[in-house]
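Here's the structure, in structure tokens; my notes come after.
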Amino acid sequence: MKRTNYCGLFSERDVGKRTTACGWVETKRDMGGVIFIDLVDREGVLQIVFNPAYTSPEAFALAERVRNQSTLMVEGEMFLRDEETVNTKIDTGTVELRVTHAVLLSACGDLPFNPAEADDVREDLRLKYRYLDLRRKRLRDNIRFRHRVTSSIRRFMDDEGFIDVETPILTKSTPEGARDYLVPSRIHPGSFYALPQSPQLFKQLLMVSGFDRYYQIARCFRDEDLRADRQPEFTQLDLEMSFVEMEDVLTLLENLLRHVMLDVKGIRYADPFPRFTWAEAMDRYGSDKPDLRFDLPIVDITDLKAVSEFSVFSKVVEAGGVVRAITLPGQYDLTRSTINELTDFAISEGAGGMAWIAWRPSGEIYSILTKYIEEQNLLELLRRVGAEPGDFVLFSADKLDIVRRVTGALRLRLGDMLGLRDPDKFAFAIVTDFPMFEYNEEEDRYTAQHHPFTMPFEEDFDYLLTDPLRVRSQAYDFVLNGTELGSGSIRIHRSDIQTRVFQALGLSDQEIGERFGFIINAFKYGAPPHGGFAFGLDRLVMILAGEQSLRDVIAFPKIRDASCPMTDAPSTVDEVQLDELSICLADAIRPERDRAITKENKRRAELNIKRLAEESRLQISQKDEAGMQDSLLELISFADALHEVDTDGVEPTYSPSESHDVWLTERDDRALTAEDALANAPESRQQFFFVPPVVE
RNA sequence: GGCGCAGUAGUUCAGACGGUUAGAAUGCCAGCCUGUCAAGCUGGAGGUCGAGGGUUCGAGUCCCUUCUGCGUCGCCA
């Protein structure tokens, strides 16, 4: 079975040639005497024509009854189309294959939905039939685009001397970070592997081993709740470099992203990627992942005279808070309801309220603030925030972290409102100097903001145990369009510093030893200074492909409850498997599992032995009835179990008897002696199987 | 776990104030049709209005409970 070419790749060069094409029936146009079929494969569409003038009667009959999404192989001659029948919408629109012979390779049954026009179909249905869903051009294009991104990355990493090394999927659970996916060990009852949240420790150990430059397109697992941009298993480009400083890693990453953007999007970036320290990003954009597709900067006005004149502001300042503003150029005429919506939104983000100024083009300042603030001070304020007549200015005053959150959220909301978040624009940003720790109120301890292997700034070493919140780390993020693409850091390569960081996180010496002993140990045998990065490949592809959900760039994604509608994973397993793993389920989830048993009980009720007995003209006692019921149920469940058995690829069995079975065409020609045949008989006499008498 | 949106034919959707037999498009089945390209025309089948309860003479529509999907917050070093 050979095709001449992909459907979508035929051209006028093939005209006049004997041609074979294979593909899926996308649409059929049956004119009665002539039938057109759009045959598609991954490369595109080809029109094939059935006409009794040149098509065999069998092939024509096939074309009449074939249904959409069936697979066909057709043979015929390629013709140039008449000028008026050319279809400019498809690449092969100037030619058509006139079919002489056709084979139905596989018929398509009733479709749950038509993949040719499935863009609006319910997502859960699409995911249940993901193989059909993936026939859609849009998804196919996404998956192929993803492949282009990964190959571009691999080419770059290769050229830069990085070595692709695989790291374990079955590994050790570590207490920091996200919830682990656990895998029970059969050989070590009660012990568990964890699936890696990232190859973090292994890549650091590869640096200790001297590989110098490592990368991997690695699957990572985190057992946390899903979002449109978050899957429980996802893919990272993971890399690590030795004998480097932060600048080296940032330069490499920037070059990588430039390379990829040019490769897959044809976009060349003239300027260096904008860089901010964490504090700058938080102050100017109210976020550690600023969306730089638009400006709308946040401006601090805490020190202005105008602020001290308005008591709502001045009280905040006296309490150590800040006052900040965002200017919307040309938006002086926002409606009252829009302003109210923005105010409600600010309040929902934690603000107490939202003051604002509409500076009319006439120069009139329209605002409640004019009642409290002298005009000259108000003008100074407007100058500070860069406003001009015709602009709208809004304010947030509160504690620093609240103002950052509120202004950051407002800025994005305003960006959406004004249509500034252009999906065709790709704005990168680099954020550095993250705080080393943050305080976790729930656990009443500090946790690492990046991860505990991040090197603090040397000048902050002394605060590690005295004032952890003051410690900055040599960590950095790459941000694209307001989404965190990934993060990295220079790592700790000295065991003494690593130990102090663990102590700052509140880990006891014993915990440190048990959980991380191997890496602290490794650093005792000569470790290079090293640093690296990991970025979310799925997210990068999603943004570049212009999709809103990771599910549209992953071939077989999970849904919101982390399950897979197609395979029904995760699923319960039988007792035998659990026993082997020394696992017993909590009482609380038993009822769920006992559904199978309920089914059994239902069957018991349906099984009317008395009636069976009457129909068989048998008289049975009550005791026999119960026994019979049990035996029958046992038989039924045995049949069920047999039904479940996967017999694909199992050797057929043979009967030694001479009798013919019309269904069983295979024959076993081995000669069988009587001894062989009776080998398992409980009792045999003179080559006969002895059967004890049943009826006296 | 909280909040929001959605659930009506295989699919995508409409369904006023609660009122006859719940509609459309598409798909499916049958018939017609030799140049279509989202082919067209004629006819037909197809519904537990997510499920359960309530109010009512009467519920797709109102009320309560519940299930499912999506989004969002918590969570995600």
Side-chain angles (χ1 to χ4, degrees), chain A residues 26-40 45-55 60 64-65 67-69 79 81-90 92-93 96 98 108-129 132 174-180 197-198 200-201 220-232 234 348-350 405 409 434-438 440-443 445-454 473 475 484 487-489 501-502 505 507 534 536 548-549 551 559-563 565:
Chain A
E26 184 156 77
T27 54
K28 183 166 86 171
R29 294 174 293 280
D30 185 345
M31 319 300 293
V34 59
I35 300 169
F36 302 94
I37 284 178
D38 287 344
L39 199 65
V40 305
V45 195
L46 174 70
Q47 172 162 285
I48 57 177
V49 191
F50 296 76
N51 188 326
Y54 42 80
T55 304
F60 196 83
E64 278 182 313
R65 66 165 199 275
R67 303 219 302 185
N68 285 349
Q69 298 300 325
F79 274 77
R81 295 203 202 182
D82 291 339
E83 206 166 312
E84 61 272 21
T85 64
V86 163
N87 183 357
T88 51
K89 288 185 207 158
I90 56 176
T92 61
E96 64 187 18
R98 297 193 180 166
C108 178
D110 291 335
L111 287 163
F113 61 88
N114 182 359
E117 45 191 50
D119 271 355
D120 294 323
V121 175
R122 278 205 331 270
E123 197 176 10
D124 51 327
L125 191 70
R126 291 201 282 111
L127 287 167
K128 186 173 163 81
Y129 300 91
L132 287 180
T174 53
E176 294 293 309
R179 215 171 283 124
D180 283 320
Q197 295 180 26
S198 80
Q200 183 61 35
L201 295 176
C220 305
F221 306 86
R222 293 178 192 177
D223 187 4
E224 297 291 348
D225 286 353
L226 277 69
R227 287 284 188 283
D229 64 351
R230 225 191 280 159
Q231 283 273 312
F234 59 101
S348 75
E349 291 292 325
R405 184 166 73 238
F434 280 75
M436 182 78 192
F437 303 102
E438 53 195 2
N440 184 323
E441 286 183 24
E442 217 170 282
E443 296 179 39
R445 68 182 188 102
Y446 297 104
T447 53
Q449 195 181 18
H450 182 53
H451 58 55
F453 315 105
T454 302
S473 67
E484 181 194 320
S487 49
S489 62
V501 169
F502 283 137
L505 290 170
L507 294 181
Q548 300 297 309
S549 166
R551 294 186 295 272
I559 61 171
R560 218 179 89 100
D561 67 353
S563 69

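Throughout, protein chains are lettered first and strands after them, A, B, ... in sequence-line order, and every chain is numbered starting at 1.
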How many whole angstroms separate atom [atom1] of [X] from atom [atom2] of [N]?
X	N	atom1	atom2	result
A:E224	B:C73	CD	P	14 Å
A:F50	B:C37	CZ	P	18 Å
A:D120	B:A25	CG	C1'	13 Å
A:L226	B:G74	CG	P	16 Å
A:Q449	B:C75	CD	P	13 Å

Would you say [X] reaches [N]'s phosphate, i.e. side-chain N/O to OP1/OP2 under 4.0 Å?
X	N	result
A:T27	B:A39	yes
A:R29	B:U36	no
A:K28	B:A38	no

### Task
Please determine if A:R230 and A:D225 form a salt bridge, counting it only when a charged side-chain N lies under 4.0 Å from a carboxylate O.
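No.
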### Pairwise 5' ranking along RNA chain B for A:P52 and A:N68, keeping only the more 5' one
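Comparing both residues, the 5'-ward one is A:N68.
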### Query
Of A:R227 and A:G33, whose nearest nucleotide on RNA chain B comes first from the 5' end?
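Here A:G33 is the residue nearer the 5' end.
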Go through the N and O atoms of the side chain of [X] and the base of [N], and report whether any donor-acceptor pair is under 3.5 Å.
X	N	value
A:N51	B:U34	yes
A:R230	B:C76	yes
A:E96	B:G35	yes

Does [N] have a Watson-Crick or wobble partner in any strand here, with both distances under 3.5 angstrom, and which is it?
N	answer
B:A6	B:U68
B:G46	none
B:C37	none
B:C57	B:G19

Do any N or O atoms of the protein come closer than 3.5 Å to N or O atoms of nucleotides 2-10 of chain B, and which pairs are they?
from, atom 1, to, atom 2, distance (Å)
B:G10, O2', A:P112, O, 2.9

### Query
Would a distance-only check, ignoring hydrogens and angles, find a side-chain to backbone donor-acceptor pair under 3.5 Å from A:N114 to A:A116?
yes
### Message
Test your reading of the model: is there a side-chain donor-acceptor pair from A:R81 to the backbone of A:G93, 3.5 Å cut-off?
### Response
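At least one qualifying donor-acceptor pair exists.
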In the structure I gave you, are the side-chain heavy atoms of [X] and [Y] within less than 4.5 Å of one another anywhere?
X	Y	answer
A:D180	A:Q197	yes
A:N87	A:Q47	no
A:M436	A:Y446	no
A:P565	A:R126	no
A:D38	A:F36	no

Base, sugar-phosphate, or nothing for [X], non-hydrogen atoms under 4.0 angstrom?
X	value
A:R551	sugar-phosphate
A:D82	nothing
A:I90	nothing
A:D110	nothing

### Same-atom distance (P) from B:G50 to B:U68, integer angstrom
16 Å
### Query
Taking atom C1' in both B:G18 and B:A59, what distance in whole Å separates the two?
6 Å
Nearest to the side chain of [X] - [options]?
X	options	result
A:R81	B:C76, B:G74, B:C37	B:C37
A:R222	B:G35, B:C76, B:C75	B:C76
A:D124	B:G69, B:G1, B:C37	B:G69
A:K89	B:A38, B:G69, B:G35	B:A38
A:D225	B:U36, B:U34, B:G74	B:G74
A:R67	B:C28, B:C75, B:G35	B:C28
A:D30	B:G69, B:C76, B:C33	B:C33

#### Entry: In B:A16, glycosidic geometry as syn within 90° of 0 or anti otherwise
syn
#### Entry: Where the chi angle of B:C64 falls, syn if within 90° of 0 and anti if not
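The base of B:C64 is oriented anti (glycosidic angle more than 90° from 0).
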### Message
Run the side-chain contact (heavy atoms from CB on, under 4.5 Å) test against A:D30 and tell me which residues pass, sequence neighbours left out.
### Response
A:I35, A:E64
### Task
Evaluate the ring planes of A:Y129 and A:F113, with Trp represented by its six-membered ring, and classify them as parallel (under 30°), tilted (30 to 60°) or perpendicular (over 60°).
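Rings of A:Y129 and A:F113: perpendicular, as their planes differ by over 60°.
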